[in-house]
Amino acid sequence: MIKLHDKYFKPFISEGEILAAVKKMADTIAEDYKGEVPIFVGVLNGSFMFVSDFLKAYQHPCEVSFVRLSSYQGLTSTGIVETLLDVPENIEGRSVIILEDIIDTGRTVRKLIDIFSETNVKDFKIATMFYKSDVYSGEYDIDYFGMKIEDKFIVGYGLDYNELGRNLKEVYQINQRHMINLVLFGKPGAGKGTQASFLKEKYNLKHISTGDVFRFNIKNGTELGKLAKSYIDKGELVPDEVTINMLQDEVEKNADASGFIFDGFPRTTAQAKALDDFLVSKQMKIDATIALEANDEVLIQRLLERGKVSGRSDDQDEDKIRYRFEEYNEKTAPLKDYYDAQGKFHSVNGIGSIEDITSRLAKVIEELQEA
Ligand code: AMP
């Protein structure tokens, strides 16, 4: 997945597929124009990459020129497409083949036909790399196309989203999936917080760590903080009722999020059920629970190291850490079966470099997005 401005795009058509389609079109046109020297007219800006590849595949005598019409956003208030770079000179009596990157509604096609109908060309044809045939409403029958595609916004191979993406060698399609909600699962020290901070950037998600919310409340001396502190200091879980209400508040505060990463929640079956019910009431759901797996001895070392830096009271004493693991084994580990039964449980090796672990997680998430 890639991000351009505020939107996400997923790979759609590979470079190899594009080049094969370009070659096929070039061969067909070469066959039709045998013995002639046609003028290919690229429509800027979007067609530059297509024109270049097309000409490399069209190894017969030909000429090349460009026109430039203002694009989508450039439509004037009157709805008229402006010509910014005019038709080539001396095209009278010649065969002209327009090379367009994409044809959708056909507005540009109409304008091209308008401007070329005033010239005395011998022959006029339109070739487009991508063709949204379902939405094309023009009367003119498109002569050649590389690939028919459905009506979804694409970028790459010359096509842009607000000027970004033109230089991509392959074509990406907008990712219209609205939300991904993930549970990051794993023992204390498994790296949930670290990974969440990367994943939230990569996938534009809101990260909710119940542990962080508790610590924030403790720091600010709130009632909730005072209550939670007594449990946290002992390495015990804070009672479900308190935690569930707090979590729901956090989700509601972020109603505009494009998805959530739940980190450290749910930790009990009651919390998992409450989360499912709550999400259903918001027409949301958990898409996946991803467990970061690591063995206890590795985790204890990590936590003791972290305790030296963070000052977290529950990370500094090995007995407390072991107690948190016991709590985990008894209360949280059974959630594996809970999510397994829903077909949502994924396990990822949590040992390795931070980047490697992020890629393992990304692989799971991207499979979800493709599903
Ligand atoms: P964490 O930062 O996730 O390791 O959480 C630190 C501590 O906060 C835990 O040991 C618990 O005492 C408390 N806590 C965090 N999340 C929860 C939860 N979902 N349920 C109960 N207690 C929690």
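Computed from a prediction, not measured in an experiment: that's the story for all the values here. We count ligands from 1, going down the list as the structure has it; atoms in each ligand are counted the same way.
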Can you tell me which residue and heavy atom of the protein come closest to [atom], and the distance to 0.1 Å?
atom: atom 7 (C) of ligand 1; answer: Ile232 CG1, 3.9 Å
atom: atom 1 (P) of ligand 1; answer: Arg267 NH2, 3.5 Å
atom: atom 22 (N) of ligand 1; answer: Val238 N, 3.0 Å
atom: atom 12 (O) of ligand 1; answer: Glu236 O, 2.6 Å

Salt bridge or not for [X] and [Y], using N-O below 4.0 Å?
X: Asp287; Y: Lys285; result: yes
X: Asp319; Y: Arg322; result: no
X: Glu250; Y: Lys253; result: yes

Taking the side chain from [X] and the backbone from [Y], do they hold a donor-acceptor pair closer than 3.5 Å?
X: Arg306; Y: Gly189; answer: no
X: Glu15; Y: Leu168; answer: no
X: Ser65; Y: Pro88; answer: no

Please classify the Leu237 to ligand 1 contact at 4.0 Å (heavy-atom distances, strictly less than): side chain, backbone, both or neither.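 Under 4.0 Å from ligand 1, Leu237 contributes backbone and side-chain atoms.
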Test of proximity, Asp314 against ligand 1: N or O pairs below 3.5 Å: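 Not met; the criterion fails.
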Check contact between Lys192 and ligand 1, using heavy atoms of the residue and a distance below 4.0 angstrom.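 Lys192: no contact with ligand 1 (<4.0 Å).
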Touching ligand 1 at all, Arg215? Heavy atoms, strictly under 4.0 Å?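 It does, in that a heavy atom of Arg215 comes within the 4.0 Å cut-off of ligand 1.
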Within 45° of the ring axis of Tyr144 and under 6.0 Å from its six-membered ring centre, is that where the NZ or CZ of Lys125 lies?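 Geometry flag: not set, cation outside 6.0 Å or 45°.
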Ignoring hydrogens, just give me the one of Thr243, Asp240, Ile218 whose non-hydrogen atom is nearest atom 18 (C) of ligand 1.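 Selected option, by shortest heavy-atom distance: Thr243.
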